[in-house]
Amino acid sequence: MTDYNPYQPDQQPVNPAYPPSAPYPVQPYAAQPYGSYVQQPYAAYQPLTTSGMAVAGMVVGIVALVLFWAPFIDLVLGFLAIGLSWAGMLQADRPGYTGKGMGIAGLVCGILAVIPAVIVMLFFFGLFAAAGTACGIAC
């Protein structure tokens, strides 16, 4: 009969590459046969693209807000900001694009810029119309 004690640790050969507490591998450099494991390449990470139309709409909307005192220029810039922001929001909904918040900001700025431009234009047209009727036909 042999002297086998299951509660006694196995006697392992001393290898300087492994510390004594680490288990000694049975096959330290076992090569896997070809075809057993093939790593699939990762798909390339596509960074998100900010919608250029949304950025342009926001910038034009902010410029239109600043130029509210020039009604004709402001009206053109306001409607341009609304159109660019709307197109930017639609583009931002597509996969791979961001910038919906900038599109919303440009849309709000464009709408807020058009309102005083229309009021100022109506005031000037009313003023000129009143001045034209007050002086008669020969003015």
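The cluster map of Ile, Leu, Val, Met, Phe, Trp and Tyr, joined by side-chain heavy atoms under 4.5 Å apart, puts L122 and L127 in different clusters. Residues F72 and V63 are members of separate hydrophobic clusters, defined by side-chain heavy-atom contacts under 4.5 angstrom among Ile, Leu, Val, Met, Phe, Trp and Tyr. Grouping the Ile, Leu, Val, Met, Phe, Trp and Tyr side chains by contacts below 4.5 angstrom, directly or via other members, places I111 apart from L77. Cluster annotation: M121 is connected to I115 through the hydrophobic network of ILVMFWY side chains, with a link wherever side-chain heavy atoms come within less than 4.5 Å. V118 and F125 end up in the same hydrophobic cluster when Ile, Leu, Val, Met, Phe, Trp and Tyr side chains are linked at under 4.5 Å.
Remark: I73 CD1 is loosely packed, at most 12 non-hydrogen atoms of other residues, nucleotides or ligands lying under 6.0 Å away.
For the pair T98/T49, no side-chain contact is recorded, criterion being any heavy-atom separation below 4.5 Å from C-beta on.
When every heavy atom of V114 is checked against every heavy atom of D74, the shortest pair comes out as N-OD2, 4.4 Å. For the pair G103 and A54, the tightest heavy-atom approach, listed with the atom from each and the gap, is N-CB, 3.7 Å.
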Quick one: side chains of residues 78-96, donor-acceptor pairs under 3.5 Å with protein atoms, not counting sequence neighbours, listed by atom name and distance.
unit_1: S85; atom_1: OG; unit_2: A81; atom_2: O; d: 2.8
unit_1: S85; atom_1: OG; unit_2: L107; atom_2: N; d: 3.2
unit_1: Q91; atom_1: OE1; unit_2: S51; atom_2: OG; d: 2.8
unit_1: D93; atom_1: OD1; unit_2: K100; atom_2: NZ; d: 3.2

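The salt bridge (charged side-chain N to carboxylate O under 4.0 Å, His left out) pairs that include a residue from residues 80-91 number zero, where partners must be two or more places apart or lie in different chains.
A distance of 5.0 Å separates OG1 in T50 from CE in M102, rounded to the nearest 0.5 Å.
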Problem set entry | Chi angles and distances behind the side chain to side chain contact (heavy atoms under 4.5 Å, CB included) call for W69, L67 | CA-CA 5 Å; W69 47 269; L67 295 177; 3.7 Å; yes

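In this structure, the side chain to side chain contact (heavy atoms under 4.5 Å, CB included) partners of L112, at least two apart in sequence or on a different chain, are L65, V108.
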